[in-house]
Amino acid sequence: MIDLKDLRQNPDKYKAGARAKNVSVDVDAVLTLDERARGAQAEFDRLRAEQNQVSQQIGRAKDPAEREALKAKAGEFKPRLQQLGEEQREVAAKVEGLLLAIPQPPDDDVPPGRDASDNVVVRHWGEPPTFDFKPKSHIEIGEALGLFDFRAGAKIAGSRSYFLKSGGAELHAAVIRLALDMMTREMGFTPMVVPVMVREQAMKGTGFFPGGRDQAYRVGEVEEAGEDVRFLTGTAEVALTAYAAPENEAVTLNEVDLPLKLTAASTCFRREAGTYGKDTAGLYRVHQFDKVEQVVICRNDVAESKRWHAEMLGYSEELLRRLKLPHRVIQCCTGDLGVKNASMLDIETWMPSRFDGKTQATGYGETHSASRLYEFQARRLNLRYKDKEGKVRFCHTLNNTVVASPRILIPILENYQNADGSVTVPEVLRSYVGREVL
RNA sequence: GGAGGCGUGGCAGAGCGGUUGAAUGCGCCGGUUUCGAAAACCGGUCUGCCCGAAAGGGUAGCGAGGGUUCGAAUCCUUCCGCCUCCGCCA
């Protein structure tokens with residue numbers, strides 16, 4: 001949610017922002033409607049003030065006849081007030097609806113571009129390995145070693161489903177555990193176990209709805225709101241970010257409480273609607289996976305947000321360095337940001353099976369995504385804190401993947417494969433897996 | 001699944017149709033007092049929107065939404081949450 005006041009003052013900023021993000025919105029329509037809503041509100045307030053005065057006289061009046069006369073007088077305000085109230089409510093709801101769709105303008109440091117092809121490589125780490133044998137894909141490796149079973153997955157749960165087995169399941173648990181341990185023991189994040197089935201309000205508040213409604217699985221038998229309907233989250237970001245937000249208007253946080261550094265491993269559910277035919281084989285694009293997510297809720301300070309963004313990106317890079325997986329950092333261009341981000345950096349990890357043998361860029365697959373949202377989510381969630389001067393302000397929120405598995409198993413299996421078909425377990429995972437070779 | 005109760009400011013807790021943004025206590029901030037502190041005393045202490053340069057004023061808000069009424073924290077209604085008892089299941 002963007003700031004309506006700011007939209008009034010700087011409409012061009014938001015028009016340009018939407019254009020840069022390839023989102024079409026009618027900013028002027030919002031402003032026109034907003035003006036109407038405020039007009040109705042102002043008149044309502046004025047009339048109401050008059051009515052209140054008369055009403056208070058009724059309370060004080062002793063003489064019954066006088067009371068009746070005053071009642072009649074006060075009653076005259078009613079129809080007009082009702083009409084104005086209705087108009088105000090109606091128009092305000094429309095404004096709210098439109099406002100939800102207006103994207104957060106990209107930050108100045110985001111390169112302009114149409115889509116993912118205009119993203120900018122920021123840095124590389126590690127050299128893609130060369131093999132003196134014909135390297136296999138993770139699918140071939142895993143099937144040969146009995147690490148997973150796609151046929152059973154499809155039979156039991158449909159396409160894009162899988163079973164992890166023995167070494168595959170162990171490797172999966174190991175990366176999740178490694179990531180959690182690093183974030184909590186070394187980076188000072190608070191470990192959380194969070195709901196993955198949430199109310200619509202949490203999805204809206206974190207900015208996934210209304211835009212991403214078709215990406216979420218809905219749980220519950222009844223259509224009507226309030227009747228046991230929940231949504232499965234596609235990331236722990238939803239619960240972790242909404243965690244600190246009160247359901248009422250009350251301020252819960254104080255500046256000294258910030259920053260909140262939260263991490264959670266959670267199962268993530270994604271419908272992957274509109275991706276038919278894309279990455280259909282293997283572990284790359286699946287409906288259900290586990291992910292360790294990091295969320296930071298900090299003070300309303302652009303410089304601090306930027307610092308955290310870089311910091312959080314660094315944690316994920318650190319994990320990949322420990323796993324010794326070659327990767328590169330991508331600054332997403334304006335057109336690739338989505339509605340809610342001010343800036344987003346992805347990490348892509350080397351996956352030999354994706355490499356076309358010619359263009360190196362083809363060998364990298366997305367494994368991480370670090371978002372900087374400023375007030376966007378906090379406004380929707382009403383996530384606020386009291387600063388040192390006692391002023392109530394919206395928090396800033398950020399999030400980033402620490403690791404998502406089984407997707408991360410693709411680079412692990414493919415980069416660590418041996419000529420004999422076995423896979424060497426990365427050193428940092430050995431204590432978790434309990435052996436050196438799969 | 002059935003029956004009942006509850007939801008008020010940072011916290012505790014009154015109010016149950018009339019000038020109540022809301023008594024009282026605690027906490028917090030400022031002041032007086034003190035060599036300093038405690039205690040005591042005095043004052044202040046919510047948020048959104050609108051008007052205003054500001055001081056200030058108007059309006060809305062007592063879990064959330066809707067309704068009744070000249071007027072609602074107080075009545076009705078739907079939803080959300082919590083608690084107690086019974087049933088069911090672990």
Which whole number of Å gives the distance between the [atom1] atom of [N] and that of [M]?
N	M	atom1	result
B:rA37	B:rG30	P	12 Å
B:rG65	B:rC80	C1'	10 Å
B:rG7	B:rG15	P	11 Å
B:rC75	B:rC70	C1'	16 Å
B:rG81	B:rA64	P	15 Å
B:rA54	B:rG63	P	33 Å
B:rU20	B:rG31	C1'	29 Å
B:rC79	B:rG21	C1'	26 Å

Using purine N1 to pyrimidine N3 plus N6-O4 or O6-N4 for Watson-Crick, or N1-O2 and O6-N3 for G-U wobble, each under 3.5 Å, what pairs with [N]?
N	answer
B:rC41	B:rG31
B:rC16	none
B:rG36	none
B:rC6	B:rG81
B:rG1	B:rC86
B:rA54	none
B:rC46	B:rG61

Nucleotide N/O to protein N/O under 3.5 Å, stretch nucleotides 71-77 of chain B:
residue: B:rG71; atom: O4'; partner: A:S55; partner atom: OG; Å: 3.4

Honestly, is A:R407 close enough over A:Y284, meaning NZ or CZ under 6.0 Å from the six-membered ring centre and within 45° of the axis? yes
Just call it for [X]: base, sugar-phosphate, or nothing, with non-hydrogen atoms closer than 4.0 Å on any strand.
X	result
A:K5	sugar-phosphate
A:R393	nothing
A:R67	base
A:Q82	sugar-phosphate

Test your reading of the model: is there a side-chain donor-acceptor pair from A:N400 to the backbone of A:M312, 3.5 Å cut-off? yes
Atom pair distance, as rounded to whole Å: [atom1] in [X] and [atom2] in [N]:
X	N	atom1	atom2	value
A:Q56	B:rU59	CD	C1'	13 Å
A:L70	B:rU69	CG	P	19 Å
A:R46	B:rC50	CZ	P	17 Å
A:M1	B:rG48	CE	P	15 Å
A:Q41	B:rG61	CD	P	11 Å
A:L84	B:rC49	CG	C1'	15 Å
A:R80	B:rU59	CZ	P	18 Å
A:Q201	B:rG63	CD	P	18 Å

Mapping A:R38 and A:A72 to their closest nucleotides on RNA chain B, which lands nearer the 5' end? A:R38
In terms of side-chain heavy atoms, does A:Q294 have a donor or acceptor partner in A:S316 at a distance below 3.5 Å? yes
Side chains of A:K291 and A:T235: any donor to acceptor distance under 3.5 Å? yes
Out of curiosity, A:I2 CD1 to A:Y14 OH, how far, rounded to the nearest 0.5 Å? 5.0 Å
Out of curiosity, A:R160 CZ to A:R271 CZ, how far, rounded to the nearest 0.5 Å? 12.5 Å
With side chain to side chain contact (heavy atoms under 4.5 Å, CB included) as the test, pick out the partner of A:F376 among A:L381, A:N341, A:V339. A:V339
Ring centroid separation A:F209 to A:F231 under 6.0 Å: yes
Look at the side chain of A:R89 and decide which nucleotide, out of B:rC50, B:rG67, B:rG58, has an atom nearest to it. B:rG67
Picking from B:rU47, B:rG66, B:rC70, which would you name as closest to the side chain of A:V392? B:rU47
Does OP1 or OP2 of B:rU69 have a side-chain N or O of A:K71 closer than 4.0 Å? no
So, do A:E170 and A:R435 sit near enough that their side-chain heavy atoms are less than 4.5 Å apart? yes
If you measure from the Lys or Arg side-chain nitrogens to the Asp or Glu carboxylate oxygens, is any gap between A:R322 and A:E186 under 4.0 Å? yes
